[in-house]
Structure formats: structure tokens, C-alpha cells
Amino acid sequence: MTELLGILLVVQGGGGLLNRLLGANSPSWFVQLHLLPPSLHIVASVVMLLAGAAVLFAGRARKSPG
């Protein structure tokens, strides 16, 4: 279940970041682009991407033996 949360955060954060950096006019299906003001889109996307990566790496470290 934790891995699913990490993957969702990475996809939402990374996709939203690419959406903004590439200048797309549509928010598409990225949650932060619908909920937050435009001035926070990039910051929120980066935070989501990093949080997702942290969740995934923490889950992997917890499962590895040793």
C-alpha cells in the first residue's frame, strides 16, 4: 500500500511538473494543478515528486535484508 502512495505521488508530481515546464495550457488530470493557484504549481509538483521518491526509497530500504 505504501508503494502505491509513492507511485501516485511520483506520477502526479512529475507529470504536473512536466506539464508546467513544457507550457501546457490544460491542467490535465494533475490534482495540484486543479487545486492550487498557478504560482504554486511548480513548487507543489516538486514537493510531491520528492515525497513520492522518499516514500518509495523508504519502503525499499525497509524491505531489504541486513
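Everything numeric here is computed off the predicted structure, so don't read it as measured data.
Annotation: side-chain hydrogen bond (donor to acceptor under 3.5 Å, both in side chains) contacts involving residues 41-56, sequence neighbours excluded, comprise Gln32-Ser45. Applying the side-chain hydrogen bond (donor to acceptor under 3.5 Å, both in side chains) definition to pairs two or more places apart or across chains, none involves residues 47-58. Screening residues 24-43 for salt bridge (Lys or Arg N to Asp or Glu O under 4.0 Å), with sequence neighbours left out, gives no hits.
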Side-chain polar contacts of residues 18-27 - donor-acceptor pairs under 3.5 angstrom, sequence neighbours left out - could you list them?
unit_1	atom_1	unit_2	atom_2	d
Asn19	ND2	Ser26	O	3.1
Ser26	OG	Ser28	N	3.1

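Remark: Leu35 pairs with Val31 by the side-chain contact (heavy atoms from CB on, under 4.5 Å) rule, at least two apart or across chains. Every residue two or more places apart in sequence or in another chain that forms a side-chain contact (heavy atoms from CB on, under 4.5 Å) with Val55 is listed here: Thr2.
In the hydrophobic clustering, where aliphatic and aromatic side chains (Ile, Leu, Val, Met, Phe, Trp, Tyr) are joined below 4.5 Å either directly or transitively, Phe57 stands alone. Hydrophobic cluster of Leu9: the remaining members, joined at side-chain heavy-atom separations below 4.5 Å, are Leu5, Met48, listed by chain and number.
Of all the heavy atoms in Gln12 and Trp29, the pair that sits closest is NE2-CZ3, 2.7 Å.
Ile7 and Phe30 fall within the same hydrophobic cluster, where Ile, Leu, Val, Met, Phe, Trp and Tyr residues are linked whenever their side-chain heavy atoms come under 4.5 Å apart, directly or through other members.
One finds the CG atom of Leu36 at 12.5 Å from the CD1 atom of Ile42 (value rounded to the nearest 0.5 Å).
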